[in-house]
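A short worksheet on the structure shown next.
In this text, all values refer to a predicted model and were calculated from it rather than measured experimentally.
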Amino acid sequence: MGTRLLKKFRKTRESGQHFFDYNLLFVIVFLSCFGLVMIYSSSYYSAQLTQGSNFYFVKKQAFVLAGGFIAMFVVSRLDYHKYVKAWWFVWIVSLILMILVNFTPLGVERNGKKRWIGFANHALFQPTELVKIALIVAMAVLIEKLIRYIDRWQVILLILMVSFPLGFLVLMNNLSSGLIIFGIVFAMYFVASRKKKRFVILIGAGVLLAAAAIVLADQLVAMNVLEPYQVSRILVWQNPEAYSQRGGYQVLQGLYAIGSGGLFGKGLGNSVQKLGFVPEAQNDMIFSIICEELGLFGAVCVILLFIFMLYRFLLIANNAPDLLGSMLVIGVMAQIAIQVFLNIAVVTNFIPNTGISLPFISYGGTSLMFLMMEMGMVLGVSRQIRFE
């Protein structure tokens, strides 16, 4: 059906009528506003204690969201064929910023990790969010130009040369974002490639490596392959009760929040775990507060909204006017899908804690701003679709 629609759109290219995905726009607006509500609900207690105002976190997020909507609108009105030509410039800027974060005093450390860039310990933003956009655009351009030779080893080597330096610099201090970045590259190349069997082998090898890392954790630390804190997270994941006063505290409190919510929750604003039990509940663990206040029903509704968003991405990618637009949307779709899965999997202790935010909902200005710009890219591609 998608192929027939695409042929129909291309045949009527001269009609001058453009498609715009208002369904996707509605989901973006709803999730963003719902995020503001949940940030206030999950943070007003800690905000009052630490900042002297119940509205501290939600006001900052609302300010960024307003700017994000403006950025989304501006980007959606631009012709993506023009701005993608600057992919190399964005790639170089991303590389420089990651070098500054990792190897200069401009890298601001928080919670033991240098992930922000700023001055005098005042964090401005996380360059890893720019890296995601840089690689999405770079991969889309390379795939569009080299699609005829996409399975040749020279093209694979070129893709590695573009993605590995940025991915490695991110992995140095941010494992979760590194996984997302390499996941984006993997997904985009998987969609473009004609030889799918090699990806099954790669996935199998990845699963085996992950299992080996869990079994041989101590040996990998001795070999400087894994850091001690990474092994600690694996041990906490396996038995959080044994580390209830250390690394397992956040995991257990999040699980208590999820379990106490029941089917329909305690009601919006009535969470107990956010009252100093779940550390920084407005950030990575916000899904546990959603479960506690809105119950299983609310959690499922949020997941269904993300699934609907991914469906709209797929529809736009399938009907994009060209391969370049399609790959841009595929890259954004891969990022959202991976990030949502990792966040919910961590909160429910399905995988070890990796510290990743829930898109549009978790507190975080840099993440939200760049997400809205990516939504502008997707809406810009949808605007290029023409129909009768």
Side-chain angles (χ1 to χ4, degrees), residues 2 5-6 8-10 12-13 15-36 61-62 64-87 90 129-130 132-141 143-144 184 187-188 191 304-340 358-361 365-388:
L5 282 172
L6 181 56
K8 184 177 181 181
F9 290 154
R10 287 173 174 171
T12 58
R13 186 180 294 267
S15 67
Q17 298 181 21
H18 293 262
F19 170 77
F20 186 82
D21 200 329
Y22 289 100
N23 291 302
L24 176 59
L25 180 62
F26 168 78
V27 177
I28 294 169
V29 173
F30 183 87
L31 283 175
S32 302
C33 294
F34 176 72
L36 290 180
Q61 190 79 348
V64 175
L65 180 60
F69 276 122
I70 295 174
M72 180 181 71
F73 175 78
V74 171
V75 174
S76 70
R77 303 293 297 184
L78 299 176
D79 184 353
Y80 62 88
H81 297 93
K82 296 180 179 179
Y83 65 72
V84 297
K85 295 177 181 178
W87 72 268
V90 181
E129 301 301 328
L130 180 61
K132 295 172 186 176
I133 292 184
L135 284 181
I136 289 173
V137 175
M139 284 291 297
V141 172
I143 290 173
E144 193 262 345
I184 291 170
M188 294 180 73
V191 172
L304 289 176
L305 279 172
F306 279 116
I307 292 174
F308 181 71
M309 173 179 278
L310 296 177
Y311 164 71
R312 300 310 302 182
F313 288 156
L314 189 62
L315 190 66
I316 295 172
N318 193 36
N319 296 296
D322 52 28
L323 182 61
L324 177 63
S326 180
M327 295 312 301
L328 286 173
V329 179
I330 291 295
V332 176
M333 182 176 71
Q335 177 188 333
I336 299 295
I338 296 169
Q339 199 161 326
V340 170
L358 187 62
F360 303 102
I361 299 177
T366 305
S367 175
L368 181 61
M369 178 60 73
F370 282 98
L371 270 176
M372 299 304 285
M373 292 174 66
E374 291 177 16
M375 295 305 104
M377 288 168 51
V378 175
L379 291 173
V381 174
S382 78
R383 192 184 294 275
Q384 293 285 332
I385 300 173
R386 303 188 183 189
F387 63 102
E388 291 178 290

About how many Å separate CD1 of I136 and CD of Q335, when rounded to the nearest 0.5 Å?
5.0 Å
Distance in Å, D21 CG paired with N319 CG, rounded so as to fall on 0.5 Å steps:
10.0 Å
Would a 4.5 Å heavy-atom cut-off, applied to side chains only, mark L135 and I184 as touching?
no
Non-hydrogen atoms of S326 and A320 that approach each other most closely
N-CB, 3.6 Å
Could you pull out all residues at least two apart from Y83 that satisfy ring pair (Phe, Tyr, Trp, His ring centres under 6.0 Å)?
none
The salt bridge (charged side-chain N to carboxylate O under 4.0 Å, His left out) partners of E144 (sequence neighbours excluded) come to none
Identify all side-chain donor-acceptor contacts of residues 26-35 below 3.5 Å with residues at least two apart in sequence or on another chain.
from : atom 1 : to  : atom 2 : distance (Å)
S32  : OG     : I28 : O      : 2.8

Which atoms form the tightest heavy-atom contact between M188 and I143, and what is the distance?
O-CD1, 3.7 Å
Residue among V90, L324, L328 satisfying side-chain contact (heavy atoms from CB on, under 4.5 Å) with V137
L328
V329 pairs by side-chain contact (heavy atoms from CB on, under 4.5 Å) with which of L315, I316, N318?
I316
Using atom types as modelled, flag every donor-acceptor pair under 3.5 Å from a side chain in residues 366-379 to any protein atom, sequence neighbours excluded.
from : atom 1 : to   : atom 2 : distance (Å)
T366 : OG1    : Q126 : N      : 3.4

Measuring from atom CG of L24 to atom CZ of F313, what distance do you get when rounded to the nearest 0.5 angstrom?
5.0 Å
Just how far is it from atom CE of M139 to atom CD1 of I330, taken to the nearest 0.5 Å?
11.5 Å
Mind checking the CG-CZ spacing from L25 to F73? Nearest 0.5 Å is all I need.
11.0 Å
Does anything in residues 70-81 pair up under side chain to side chain donor-acceptor pair (under 3.5 Å), and if so which pairs, sequence neighbours excluded?
D79-H81, Y80-D322, H81-D322
Taken in chain and number order and not counting sequence neighbours, the residues that satisfy side chain to side chain contact (heavy atoms under 4.5 Å, CB included) with V340 are F306, I336, I344, L358, P359
Distance (rounded to the nearest 0.5 Å) between M309 CE and F360 CZ
4.0 Å
